[in-house]
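Lettering follows sequence order; numbering is per chain, from 1. All values reported here derive from a predicted model rather than from experimental measurement.
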Amino acid sequence: MLQVSFLRQNRDLAKKKLAIKYFAQPDLVDTVIDLDDERKQLQASFDETQAKVNSASKEIGAMMAKGDKEKAEATKTAVGEWKKQLEPLKEKMAQVEIDLQNVLVQFPNLPHDLVPLGKTPEENEVVRTGGVPPKLHAGAEAHWDLIKKYNLVDFETGAKITGSGFPLYIGKGAKFQRALVQYFLDFNTAAGYTEYLPPFMVNAASAFATGQLPDKEGQMYHATEDDFYLIPTAEVPVTNVFRDVVLKETDLPLQMTAYSPCFRREAGSFGKDVRGLNRVHQFEKVEIIQIVHPDKSDEVLNEMVAHVEKLLVSLGLPYRVLRLCGGDMGFASAITYDFEVYSAAQERWLEVSSVSNFQAYQTYRMKCRFKDGAGKIQFAHSLNGSSLALPRIFAAIVENYQTEAGIALPKALQSYFGAENLI
RNA sequence: AGAGAGGUGUCCGAGUGGUUUAAGGAGCACGCUUGGAAAGCGUGUAUACGGCAACGUAUCGGGGGUUCGAAUCCCUUCCUCUCUGCCA
């Protein structure tokens with residue numbers, strides 16, 4: 001959520017930046033400031049009247065103590081009049097605050113200065129490329145054929161149990177998932193991240209704090225009986241650990257990593273890119289999350305990108321790093337780097353990680369603050385990234401490491417899987 | 001799931017309608033004292049909004065209500081603990 005004070009001081013800049021994100025109603029910036037002016041005025045007159053009520057009430061107490069009943073009754077009548085004035089003020093103030101909030105939550109985060117202009121994924125900027133695409137043997141297959149051939153994943157039975165997009169991993173396929181999760185978590189904790197295993201359902205307050213509500217309401221599975229949401233990423237529960245918390249400056253940076261299944265309805269993504277493991281409703285992911293000093297978030301973002309890059313290099317997968325353009329970036333992000341790995345058999349790039357700096361967008365929403373050296377309370381910055389999402393990594397490894405005899409494994413994974421080859 | 005007890009500041013903890021402007025204690029910070037430290041003494045020690053400021057308003061888990069006045073009474077909801085039940 002953007003801060004009113006910031007919009008007030010940077011009205012034109014905010015509009016310009018919102019345009020980079022293709023936000024349709026830049027004039028809502030003016031609406032916010034107008035509503036805030038109204039709120040201030042209302043509060044001033046409310047406070048003034050309430051102050052009179054409060055001090056008169058105290059006087060009544062003193063009069064009663066002295067036994068001056070008549071005077072007390074007269075004061076009561078006067079207070080009654082003020083309270084009548086208070087009622088409409090209170091209602092109006094509540095309404096203005098709701099209106100203000102409703103407008104404010106519509107704003108996406110403002111893009112960082114480094115964010116390239118552009119609307120579509122084609123306009124994302126390739127920052128760098130690494131690794132070498134393997135030369136596959138003739139007759140190399142896409143992962144959806146390989147997993148069937150070797151009985152690693154059964155989509156049909158998953159569909160029977162739940163529905164389409166809920167894969168059933170079997171045998172070595174299941175064990176490989178476990179190996180990947182273990183490897184990723186170890187890799188992250190070795191770099192200083194603390195491991196968390198969070199709840200996989202969250203309440204509405206948590207979903208709101210990280211920006212899933214109200215923006216992505218329809219993208220989450222909702223257990224209506226208890227009003228819980230199945231998490232679309234571990235970012236939601238783990239970032240919310242620090243909701244309504246005032247940290248010490250020395251607590252920063254906080255580095256967390258968490259494994260979780262992720263549940264996404266993917267409403268509206270028909271047809272394209274849905275084959276095999278490319279897009280599913282439930283998948284496994286290991287996430288990294290940091291809460292840092294605002295002066296440090298640019299630097300930390302680069303560190304996190306380098307960390308994920310190192311992980312991909314260790315898997316021997318060809319990859320590229322993209323800096324997302326304004327139109328392709330997420331709602332809450334100020335700047336995002338996507339990692340894509342090259343799937344040799346599909347001959348295309350698959351997104352496997354997304355690393356973002358949210359700056360104070362989430363922390364302001366969820367009131368995650370810290371007390372600086374001068375004793376001043378400031379909003380921290382939050383960042384997160386996948387390290388990594390499993391299905392597409394699974395797909396890429398299966399495809400890129402296939403041989404005529406079976407499927408090999410990256411060295412780093414062999415001890416985790418307990419064999420040199422997957423098949 | 002049922003019955004009961006609770007939820008107060010950084011922490012412990014008092015407080016069943018009116019100098020509570022949330023007692024008292026601990027911790028922490030600063031000062032005095034000291035050769036140095038401890039003890040002792042003094043001062044300070046939540047957040048948000050409004051205001052240049054003085055200050056005002058709100059907040060005793062959340063929401064709502066009664067009252068001139070609510071931490072205190074009522075309703076509702078969430079959470080914690082104890083017992084019972086069920087269960088991995």
Do the two ring centres, one from [X] and one from [Y], sit under 6.0 Å apart?
X: F187(A); Y: H307(A); value: yes
X: H381(A); Y: Y361(A); value: no
X: H143(A); Y: F394(A); value: no
X: Y221(A); Y: Y229(A); value: no

Return yes when atom CE of M201(A) has more than 12 non-hydrogen atoms of other residues, nucleotides or ligands closer than 6.0 Å, and no otherwise.
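Count not over threshold, so no.
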With both distances under 3.5 angstrom, what nucleotide forms a Watson-Crick or G-U wobble pair with [N]?
N: G40(B); value: C32(B)
N: U72(B); value: none
N: A14(B); value: none
N: U45(B); value: G27(B)
N: C52(B); value: none
N: C83(B); value: G2(B)
N: U67(B); value: none
N: U19(B); value: none

Comparing K90(A) and V53(A) on RNA chain B - which has the more 5′ nearest nucleotide:
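The residue closer to the strand's 5' end, by nearest nucleotide, is K90(A).
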Test: K175(A) cationic atom under 6.0 Å from F417(A) six-membered ring centre, within 45° of axis
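Relative to the ring axis of F417(A), which defines the angle, K175(A) lies inside both limits.
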What distance, rounded to whole Å, do you find between the two [atom1] atoms, one in [N] and one in [M]?
N: C11(B); M: G65(B); atom1: C1'; value: 33 Å
N: U45(B); M: A26(B); atom1: C1'; value: 13 Å
N: C60(B); M: C79(B); atom1: C1'; value: 16 Å
N: G17(B); M: A70(B); atom1: P; value: 14 Å
N: G85(B); M: U77(B); atom1: P; value: 27 Å
N: U76(B); M: C87(B); atom1: P; value: 31 Å
N: C78(B); M: A29(B); atom1: P; value: 42 Å
N: U67(B); M: G18(B); atom1: C1'; value: 12 Å

At 4.0 Å (heavy atoms only), tell me whether [X] reaches a base, stays on the sugar-phosphate, or touches nothing.
X: A56(A); result: nothing
X: Q43(A); result: base
X: K371(A); result: sugar-phosphate

Any carboxylate oxygen within less than 4.0 angstrom of a Lys/Arg side-chain nitrogen, looking at E249(A) and K371(A)?
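No, no charged N to carboxylate O under 4.0 Å.
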Run the salt bridge (charged side-chain N to carboxylate O under 4.0 Å, His left out) check on R323(A) and D328(A) step by step: do they pass?
CA-CA 10 Å; R323(A) 188 184 284 138; D328(A) 198 33; over 6 Å; no
Can you pull the contact range of chain A along RNA chain B, 5' to 3', using atoms under 4.0 angstrom from its heavy atoms?
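Answer, 5' to 3': G18(B) to G69(B).
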